[in-house]
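In what follows, chains are A, B, ... by sequence order, proteins preceding strands, each numbered from 1.
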Amino acid sequence: MLLVNTIRDNFEAVLHGLQKRNFANAETVLLQVLEIDKNRKETQVQRDNLQADSNTISRQIGALMKEGKKEEAEKIKSKTSEIKEQIKTLETTYSNFEEELKQLLFTIPNVPHVSVPKGKSAEDNEIVLEHGKIPVLPENKLPHWELIKKHDIIDFDLGVKIAGAGFPVYKGKGARLQRALINFFLDEALKAGYIEVQPPILVNEDSGYGTGQLPDKEGQMYEATVDKLFLIPTAEVPITNMYRDVILEEQDLPIKNVGYTPCFRREAGSWGAHVRGLNRLHQFDKVEIVHISHPDQSYTALEDMSKYVQNLLQKLELPYRVLRLCGGDMGFTSALTYDMEVYSAAQERWLEVSSVSNFETYQANRLKLRFRGEDKKTQLAHTLNGSALALPRIVASILENNQTENGIKMPNVLVPYLGFDFI
RNA sequence: AGAGAGUUGGGUGAGUGGCUUAAACCAGCAGUUUGCUAAACUGUCGUACGUGUUAAAGCGUACCGGGGGUUCGAAUCCCCCACUCUCUGCCA
């Protein structure tokens, strides 16, 4: 969440940024934040002063008791009840202000980077670049949901039988393709200097709040209610939360982690057109990269991550484009997001396969993720993450783009991982 | 899952109601000294919010796993929860 100090010290910039996101009543809400914070501080001063008085009296009583002056002690004791009553009232007022402030801050999204374009929806995203040639397929081309049946490599009906819609079963060469992609992505990340982690795929409530899935987005996560745990929608949650309540040394930065996990999303309300086949699933596999960065370095890191993801797509020989998301299409917690989309040549559609974001201090503030700078003071670090990559849509475009008379040709870079070159 | 024992600063660890404003040691940092990758000595060494200030120092409050309670006063007593260890049970 945003820092109150940021809102106070850069009011115009924050206001302008939130308007770029079409955040309703931005000015009213921001002024309300400052008002509540002012009340909070004033209450704290009163409370602390009374508490200090009370502490002094208690020490006096202690001293008198020691000297055996019991009567005097009793006399002073009687004075305390009124102070205690006042402290109690102020304490309640204070926590109410604090809670009100927190709840209000939860409703305010991150301030977009200056380079983020205005806009309302995906229509307004800015195409940064396009790379690769869109393949020309024969007339009898098939979409991937037909190809998987033809070659018997992914079975949706079987998934329905054992779990439900959106939980496919990968079989034979389909399963081996999944495994090859995961290994390829992890190996590439290791070469690029990432430290691999295998985090839990169930997380507690604190973790959900830390990265911003909670509150509000409970509906998007599967929940193990008996144990109050959530199935992760992305490895971002457990990996970033490894650094919750941590104070790093400046020389520890940047931290670069990579992890493979399955991801689970309820996708409530998002079923409709364009969700056939692998386009949208409840369970899918993803390799995620996470950076913890010095604030001065985070946008360099974001560009590096973008180039890294693009490099993977180039190695897989997939045509892609990079979008800079507009204010209206960006995630709640992000300051700047690049989406990478691959072209799926039989569907004749661009499919999002990666989203790379800089959250600046928005997550770090909730996570209390800090580092000690040169001046020995703690300050919030910047967090970033990106998919590198999400599997299903990569598989969809590999299958569609590479279909030939003799089967589906696998990208060269995967052949050593696969042990075969055609499906 | 059951029974018992625990959770104190970066680490080890003392602390059974007011001499704790959390001891001591180690590590870290700064310095002094001795001719050398070392030792000794001295000092310093948590976090947050607030106050103060050009900035700081300083000052106030809170924090001893988390939350609540008793009390003039709680690391210490009581209740709930989480986690760790030991034993028993179950188990890949």
Practice prompt. Tell me, yes or no, whether the heavy-atom count around A/Q32 atom CD, taken from other residues, nucleotides or ligands under 6.0 Å, exceeds 12.
Written response: yes
Check: If you count the non-hydrogen atoms of other residues, nucleotides and ligands that lie under 6.0 Å from CD in A/E249, is the total more than 12?
Finding: yes
* Asked: Quantified in whole Å, what is the P atom distance between nucleotide B/G2 and nucleotide B/G11?
  -> 31 Å
ask   = A/K20 side chain to A/V114 main-chain N or O, any donor-acceptor pair under 3.5 Å?
value = yes
**Prompt:** Base, sugar-phosphate, or nothing for A/I57, non-hydrogen atoms under 4.0 angstrom?
**Reply:** nothing
message = What's A/K41 touching, base or sugar-phosphate or nothing? Going by heavy atoms closer than 4.0 Å.
response = sugar-phosphate
Q.
Classify A/S54 by what it touches in the nucleic acid, base, sugar-phosphate, or nothing, heavy-atom distance under 4.0 Å.
A. nothing
message = With a sphere of 6.0 Å drawn around CD of A/E99, does it hold more than 12 non-hydrogen atoms of other residues, nucleotides or ligands?
response = yes
First and last nt of RNA chain B near chain A, cut-off under 4.0 Å to heavy atoms, 5' to 3', are B/G18 to B/G73
Between A/K368 and A/I61, whichever has its closest RNA chain B nucleotide further toward 5' is A/K368
Roughly how far apart, to the nearest Å, are B/U76 and B/G6 at atom P? 15 Å
Please report the distance separating the C1' of B/U71 from the corresponding atom of B/U16, rounded so that it comes out in whole Å. 16 Å
What nucleic acid atoms does A/Q44 come within less than 4.0 Å of, heavy atoms only: base, sugar-phosphate, or nothing? base
Separation of the P atoms in B/A40 and B/G50, to the nearest angstrom: 43 Å
Can you tell me, in whole Å, how much space there is between the C1' of B/A27 and that of B/G9? 13 Å
Secondary structure of RNA chain B per the Watson-Crick/G-U criterion (both distances under 3.5 Å; [ ] crossing, | other strand, . unpaired) is ((((((((.[[[..)..(.....]]].(((((.......))))).((((((......)))))).[[[[[..)....]]]]])))))))....
Name the nucleic acid region contacted by A/S58, choosing base, sugar-phosphate or nothing; use a 4.0 angstrom heavy-atom cut-off, strictly under.
base
Sorted by position of nearest nucleotide on RNA chain B, 5' first, the leading residue of A/R370 and A/N5 is A/R370
Exercise. Indicate, with a heavy-atom threshold strictly under 4.0 Å, whether A/N49 touches base, sugar-phosphate, or nothing.
Key: nothing
ask   = What distance, rounded to whole Å, do you find between the two P atoms, one in B/U7 and one in B/U12?
value = 12 Å
Rounded to the nearest 0.5 Å, the CD1 atom of A/I289 sits from the CG atom of A/L389 at a distance of 8.5 Å
Would you check if there is a donor-acceptor pair between the side chains of A/E360 and A/N110 at a distance under 3.5 Å?
no
Problem - Whole-Å C1' distance, B/A14 and B/C91 - result: 41 Å
- Are A/Y299 and A/H382 near enough that their ring centres are under 6.0 Å apart? no
- Query: Is the CZ atom of A/R179 crowded by more than 12 outside heavy atoms at less than 6.0 Å?
  - Reply: no
*With heavy atoms under 4.0 Å as the rule, sort A/K228 into base, sugar-phosphate or nothing.*
nothing
Q.
Using atom P in both nucleotides, what's the gap between B/G28 and B/G67 to the nearest angstrom?
A. 33 Å
**Item:** N/O donor-acceptor pair under 3.5 Å between A/Q363 side chain and A/T211 backbone
**Value:** yes
When rounded to the nearest 0.5 Å, the distance separating CG of A/L399 from CD1 of A/I148 is 8.0 Å
